[in-house]
Amino acid sequence: MSHPQIELKEITFNYHEDDKKALDNVSLSINPGEWVALIGHNGSGKSTLAKTINGLIRPTAGEILINGEKLTEENLWDMRKMIGMVFQNPDNQFVGSTVEDDVAFGLENQGIPREEMLVRVKDALERVRMSEFTLREPSMLSGGQKQRVAIAGVVALRPDVIILDEATSMLDPEGRAEVIQTIKKIKDESNLTVISITHDIDEAAFANRVLVMNSGQLVAQGTPEEIFSGNRELVEQGLDIPFPEKLKAALEDREIEVPQEYLTEERLVEWLWTSGLKK
Ligand SMILES: Nc1ncnc2c1ncn2[C@@H]1O[C@H](COP(=O)(O)OP(=O)(O)OP(=O)(O)O)[C@@H](O)[C@H]1O
């Protein structure tokens, strides 16, 4: 029988006994090769959920299964090798003096032999299209390039799952697009599972499935189309909605008829061209 890659069963967690629950009875499962976006306003429990999935936090109640196997103290380190994380601040993630050294760092920690390490570093840098920067100093790179190097460091470890914890939030639009395209390429090449925690709903629109957190609970899940189409409640929850949906809402407020289905930016442009809307 095939199992979900990650399964959370009725997970509850609070940081301190008297605190309100940071996670409140959360159950979910994620399959290999899925791209799942985790959205929700500040403090809704997204980062806590990610830390639970990769074993940094032990839930107060409930259980976690990875490939059908229960996460325990004994198998924690093996399980953690399956999951790589990329964090928000690109500047806090560098340890090497060159791009190459930086990507090699995690491999050295895992005791990977030098020959194998060189192959993996080269391959990882090619996959994030940073080969020409191999000997550069990481601090000299743009934000998007820094995050691509951070992704290479994770990819070199050959994880099955990559968690992006607001990995694009400090980048300009160009950097964001670079990082998202990089992740998409790697995901397609190696059936990587992607969990992206994001406030950027345009990023969430890339996912196969969107999970919405609120006050430690998983309150909704569905395709980006299902979650975002005409869903003004999300805005009330402090979330942004994708640009095409924002524009549709603004046009509707002006009593202009708009398509009810979810539109990507390309489809929106197409519709605008053909809609006969006049200035
Ligand atoms: N180290 C900690 N100690 C105590 N409470 C914490 C800690 N980290 C988070 N919390 C609390 O747990 C709850 C969930 O926080 P979490 O960081 O998981 O939310 P989030 O959705 O990731 O928020 P953000 O978007 O701001 O990163 C919040 O009430 C937060 O104050």
Side-chain angles (χ1 to χ4, degrees), residues 6-30 34-64 66 71 76 79-80 83-93 143 146-147 150-151 154 161-173 175-176 179-180 183 193-207 209-222 224 227-228 231 233-242 246:
I6 297 168
E7 200 172 1
L8 267 55
K9 291 186 174 171
E10 298 174 358
I11 296 291
T12 293
F13 177 77
N14 39 358
Y15 283 90
H16 305 288
E17 234 171 82
D18 303 335
D19 285 358
K20 77 174 175 64
K21 292 168 186 162
L23 294 176
D24 185 0
N25 202 25
V26 175
S27 297
L28 60 90
S29 53
I30 298 175
E34 257 196 295
W35 182 329
V36 173
L38 205 52
I39 65 171
H41 59 70
N42 291 334
S44 58
K46 306 180 298 293
S47 293
T48 307
L49 187 63
K51 287 180 191 147
T52 309
I53 291 173
N54 90 339
L56 280 171
I57 278 176
R58 290 188 56 195
T60 323
E63 62 182 33
I64 302 163
I66 309 280
L71 191 65
L76 180 69
M79 298 292 200
R80 283 191 69 183
I83 300 173
M85 283 192 81
V86 179
F87 297 95
Q88 182 173 39
N89 189 339
D91 292 317
N92 289 349
Q93 298 184 61
K146 284 176 184 167
Q147 286 302 58
I151 292 167
V154 170
V161 180
I162 188 164
I163 302 178
L164 308 170
D165 192 350
E166 300 194 24
T168 61
S169 64
M170 293 178 74
L171 307 179
D172 58 22
R176 279 183 192 200
V179 168
I180 297 300
I183 288 291
T193 305
V194 179
I195 302 174
S196 75
I197 300 176
T198 184
H199 284 279
D200 178 13
I201 306 299
D202 292 321
E203 178 179 329
F206 274 90
R209 189 151 55 105
V210 178
L211 308 180
V212 186
M213 299 284 299
N214 192 16
S215 298
Q217 295 178 335
L218 182 62
V219 291
Q221 59 177 312
I227 296 293
F228 299 133
N231 198 344
E233 278 168 29
L234 287 177
V235 186
E236 282 151 28
Q237 281 189 23
L239 290 171
D240 212 353
I241 56 171
K246 264 190 253 174

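Ligands are counted one by one from 1 in listed order, and the atoms in each one are counted from 1 as well.
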Is the shortest distance from a heavy atom of [X] to ligand 1 less than 4.0 Å?
| X | value |
| --- | --- |
| M213 | no |
| G45 | yes |
| H41 | yes |

Which heavy atom of the protein is the closest neighbour of [atom], given with residue, atom name and distance?
| atom | value |
| --- | --- |
| atom 25 (O) of ligand 1 | K46 NZ, 2.8 Å |
| atom 22 (O) of ligand 1 | S47 N, 2.8 Å |
| atom 2 (C) of ligand 1 | Y15 CD2, 3.4 Å |
| atom 30 (C) of ligand 1 | G43 CA, 4.8 Å |
| atom 16 (P) of ligand 1 | T48 OG1, 3.5 Å |
| atom 27 (O) of ligand 1 | E166 OE2, 3.6 Å |
| atom 26 (O) of ligand 1 | N42 OD1, 3.3 Å |

>> side chain to side chain contact (heavy atoms under 4.5 Å, CB included), that's the test. Do Q217 and N25 meet it? Break it down for me.
In response: CA-CA 7 Å; Q217 295 178 335; N25 202 25; 6.0 Å; no

Looking at [X], which atoms of ligand 1 are within less than 4.0 Å of one of its heavy atoms?
| X | answer |
| --- | --- |
| H199 | 25 (O) |
| A22 | 12 (O), 13 (C) |
| S44 | 19 (O), 20 (P), 21 (O) |

> Of all heavy-atom pairs between A207 and P224, which one has the smallest distance, and what is that distance?
Replying inline: O-CG, 3.2 Å

>> Donor-acceptor check, side chain of T60 to backbone of N14, threshold 3.5 angstrom: yes or no?
In response: yes

>> Polar contacts were defined as any N/O atom of the residue lying under 3.5 Å from an N/O atom of the ligand; does this apply to D19 and ligand 1?
In response: no

> Run the side chain to side chain contact (heavy atoms under 4.5 Å, CB included) check on R58 and L71 step by step: do they pass?
Replying inline: CA-CA 10 Å; R58 290 188 56 195; L71 191 65; over 6 Å; no

> Between Q221 and R209, is a side chain to side chain contact (heavy atoms under 4.5 Å, CB included) present by the stated rule, with each step listed?
Replying inline: CA-CA 7 Å; Q221 59 177 312; R209 189 151 55 105; 2.6 Å; yes

